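Heads up, the thing below is written out as structure tokens.
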2 protein chains.
Amino acid sequence: MRRSTRRRGSGAPTIALPLASEREELPLYAQLYQNIREHILSGSLAAGATIPSARTMAADLRLSRNTIEAALGLLVEDGFVTRRVGAGTVVADVRDLASLAPRWRRAPAPATPARDPLLTEPAAPPAPLSARGARLAAAGLAERDADHRGLPTTVDVTKFPLGEWNRLLARASRERGLRALQSGDPQGDRALRRAVAEHVRLARGVRCTADQVLIVNSTQQALDLTSRLLLAAGDLVLVEEPGYPSARAVFTAGGATVSGLPVDRHGARTDRLEEFPGTRMLYLTPSHQFPLGVTLTLRRRMAALAWARAHGAWIVEDDYDSEFRYDGRPIAALQGLDRHGRVLYIGTFNKVLFPGLRLAYLIVPEALADSYTSARRLTDGGSPPNVQTALAAFIRSGHFAAHLRRMRLHYRTRRDALVRRLTALGDAIRLGASDTGLHLVAHLADGVDDERLAAAGAGFGLGIAPLSNYFAEHRAGEPVPRGLLLTFGASSIAEIGAGAAAFSPLLRPPRAAARRATRAPSP
Amino acid sequence: MRRSTRRRGSGAPTIALPLASEREELPLYAQLYQNIREHILSGSLAAGATIPSARTMAADLRLSRNTIEAALGLLVEDGFVTRRVGAGTVVADVRDLASLAPRWRRAPAPATPARDPLLTEPAAPPAPLSARGARLAAAGLAERDADHRGLPTTVDVTKFPLGEWNRLLARASRERGLRALQSGDPQGDRALRRAVAEHVRLARGVRCTADQVLIVNSTQQALDLTSRLLLAAGDLVLVEEPGYPSARAVFTAGGATVSGLPVDRHGARTDRLEEFPGTRMLYLTPSHQFPLGVTLTLRRRMAALAWARAHGAWIVEDDYDSEFRYDGRPIAALQGLDRHGRVLYIGTFNKVLFPGLRLAYLIVPEALADSYTSARRLTDGGSPPNVQTALAAFIRSGHFAAHLRRMRLHYRTRRDALVRRLTALGDAIRLGASDTGLHLVAHLADGVDDERLAAAGAGFGLGIAPLSNYFAEHRAGEPVPRGLLLTFGASSIAEIGAGAAAFSPLLRPPRAAARRATRAPSP
């Protein structure tokens, strides 16, 4: 129930206490102080106006005189009103107050603005975003919705040596003392950049020095910096089709015109790059194409590099999960073949260690390192130095390599379990490559509704998403390839078994239907 | 000394070992493998070409036959060459290799690309940055250079309760378990957003709910997101003159046209806003103007809000250090007076706790919260969840308030010491406001070379920068106000005393000169 002073004439404002639900457990005198102060600041109680007497307010608001006096005392002290015997309580001219000096600790503003319709006009709707802002927000919003329908957690964080990590983190702050607490080099901690350079040189065949390494928060930040520095609005960017939606989204958000480069079993069709004149940048996942899982052949790699060199175009190589290679020897990075500084290489620790770490890296041609660092300094300031120091120690001490080995084995058993289950389904599905990473694709016959299947399968404890969602450009008349992305990283073997068992019956009917359509019925 | 095979005819490539300095302690066979592989991939050893015999290479390179055989063995195994008795060692057609499968762990690529002039052509210079990229990089580069000449560390991190913090951080990962290791809400950890909302409501008079709070890495990131979402290229932005160079830089980098709004002793001249038609955004430091230290009066606050409402413009309120208020009651935030959702409020933990923390916050009108969150999701992904959880616990448990109280006293003694020393200089300088924050301004007479003075004073252990550097727009004919920014946060009282004592003589001559110029010489 709201308590308020009587309306006294049409012009007089209503002095009121907020509704009980809005009070936030403030003392009553503070609420009253707040309310009168609002009226004065908003002008509804103008300079020279008289405030109802303490006795009147006490009666109207059903408050004690003490409460009223406490509120008025504060208002006097803060210069909002003056009280003189005979003249009553008069509103001061506050326009010249040198500063607002409210009793914030005693009387904070209500939590929710503009709840009291008597106190303020409804807030005007904020002006719309700028065109580029709207593009950015829309792309990010689409990403959120994609997350919701798409792949859940793919990384198993339960195996991460958290105790060891926390020990290194505490030591990093202690040992580096003040330095670890200060803001660091926006390019990244030198020790970590060295460790990254060594890691990618040895494990991925990347050619670089620590000076070319930029520590960033995430692959997304690496892509965003790249888009902002190297692209102009309207530039043509090619991404793989099907491809990684977040990459497409960040280029779109940056104002680029994005087109899809088809992918076949040899990887992206870099042999067809000349069909896309004027292309400024090409986004590739050469080691383990997302989502199809195929590897870009050497011929296609060479074609991409020759094209980039001939046209002065950029290649962004997103090497997002090739640490988890289960069969055969690792595929070297495309960057290692580049002799003309056209490749920007991105790797991440957020999958290998844990997603909440927020550390990834970008390796750029030497001539661009300063520009990237400048952009990072200005737009963000750099990643936390103590976490970077801890990670450098984690790598140097061999914990990183040990964790990688452990996780490779761990994920491999999951992959094996899933592949075994899927193989048992026979020709209802065709399995894509599964030698690397934390997901695989089960291809379905054309026309099967993979969205429906994925939705139906979502309840079975498997990470599952329809392949058709990763095709951004549907050409009229052409069927969209159908399939299911299945993630196995965060599932136990038992979950995989149970999930696949529950899911299998859903896969069979379309196969039967497809068979009926293509073969004569067997007698 | 470089060892290489003899050149055999003009077309044959030189098989060589890298120079000793470039070897990175790889075994010799690995270096040789690497070199030959490079030749094959670059095409300088074409398919069908014959490689010198093992004996020839051993002699030319002064290596053992075992070393040569080890390298050739690897090349055969990887499919780069074939060896047949009689035919010798022949280069394979590698264009169809399904993948590059180098012996990376045994033979990494040299650290520095293109060092060997015989091996590769010089790398083509990368194509230039896009126009917006160049603008971004240039603004960031200017910032770096400004850092170098400007204010050193202003925050004393030695008093931070690091042990307690590390304990909370470890507990955050343990208690929240998997969740703290996963990537979190890009808007920010809910518990931290609640704690921030409560803190700014009580301590700063900000009107908000946790839904309006966005956790970001830094003030710079808050400004950058704001520029990207709310501004179009070419939009007019007003910043204070003199003002915070990093804010000006980030708006400039975003393509805005930036103008200066003069500041006097009542703060920014918001009474003159109508002189800047078409302004889309106004950047203010109302509680403690940077760098002058003055407070925006209530009249000017009201003028700014009325202007923003009338024109649908935005006000960015950067409340960067008002936690450190030494005299009088805290100045409430401008945001708390806004009833029309025109103010974006920025606060930071990087000054109050430690700069390496990389956590700040942005409080936006409710209608914009989703757009900001979307932009953050897409361009970065969010701040580390475990650090956010730890900070929420740090605030809830009272450590934050206790640390604030401690630091307020700590910095206050430093401020007192500096003010005492400066006051003793008499009228050589005029002291600006020093009731808040970690710096103060000592105004000098017009024409005094404050850049020279600041450079001369840099050696005395005081954080010092010339005031004139913070004026971005010099009008011809008008003298630039001169003064010195002095930071005291990271200095001991002894350092302040010694620094000021050493510095004082430098300040006196200009005063004497100024006196001579304005007064008749005394007899």
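Model, not experiment: these values are computed from the prediction. Naming convention: chains lettered A, B, ... in sequence-line order (proteins, then strands); numbering from 1 in each chain.
In summary, Arg132(A) and Asp235(B) do not engage in a salt bridge, as defined by a charged side-chain N under 4.0 Å from a carboxylate O.
Put simply, the side chain of Thr379(A) does not reach to within 4.5 Å of the side chain of Arg228(B), judged on heavy atoms.
Atom-to-atom distance recorded for Ser246(A):OG and Leu378(B):CG is 7.0 Å, nearest 0.5 angstrom. In this structure, the separation between CG on Leu169(B) and CG on Asn386(A) is 8.0 Å, given to the nearest 0.5 Å. Rounding to the nearest 0.5 Å gives a distance of 10.5 Å between CH2 of Trp165(A) and CG of Leu181(B). The CG atom of Asp224(A) lies 8.0 Å from the CG atom of Asp224(B); values are rounded to the nearest 0.5 Å. One distance of note links CG of Leu368(A) with CG of Leu129(B); it measures 6.0 Å at 0.5 Å rounding.
A pairwise comparison of heavy atoms in Ala137(B) and Ser374(A) identifies O-CB, 3.3 Å as the closest pair. Scanning both residues, Pro355(B) and Ser183(A), for their nearest heavy atoms gives CB-N, 3.5 Å. Here the shortest heavy-atom pairing between Gln221(A) and Asp380(B) reads NE2-OD2, 4.0 Å.
The choice from Val387(B), Leu231(B), Val250(B) that makes the most heavy-atom pairs within less than 4.5 Å of chain A is Leu231(B). Options Arg376(B), Met302(B), Gln220(B) differ in how many heavy-atom pairs under 4.5 Å they form with chain A, and the most are formed by Gln220(B). The candidate with the highest count of non-hydrogen atom pairs below 4.5 Å against chain B, out of Ser371(A), Ala197(A), Ala375(A), is Ser371(A). In terms of heavy-atom pairs under 4.5 Å with chain A, the best-connected choice from Ala170(B), Gly163(B), Gly267(B) is Ala170(B). Across Ala134(B), Ala222(B), Gly254(B), the residue that shares the most heavy-atom pairs under 4.5 angstrom with chain A is Gly254(B).
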(request) Apply the test side-chain contact (heavy atoms from CB on, under 4.5 Å) to residues Arg358(A) and Arg358(B): give CA-CA distance (whole Å), side-chain angles for both, the deciding distance (0.1 Å), then the verdict. (result) CA-CA 12 Å; Arg358(A) 316 312 298 146; Arg358(B) 316 312 298 145; over 6 Å; no
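For Ser383(B), the part lying under 4.5 angstrom from a heavy atom of chain A is the backbone only. Heavy atoms closer than 4.5 Å to chain A are found nowhere in Ala131(B), neither backbone nor side chain.
Of the possible donor and acceptor atoms, one in the side chain of Ser130(B) sits under 3.5 Å from a partner among the backbone N and O of Leu229(A). Listed for the Arg377(A) side chain is a donor-acceptor partner under 3.5 Å among the backbone atoms of Gly140(B).
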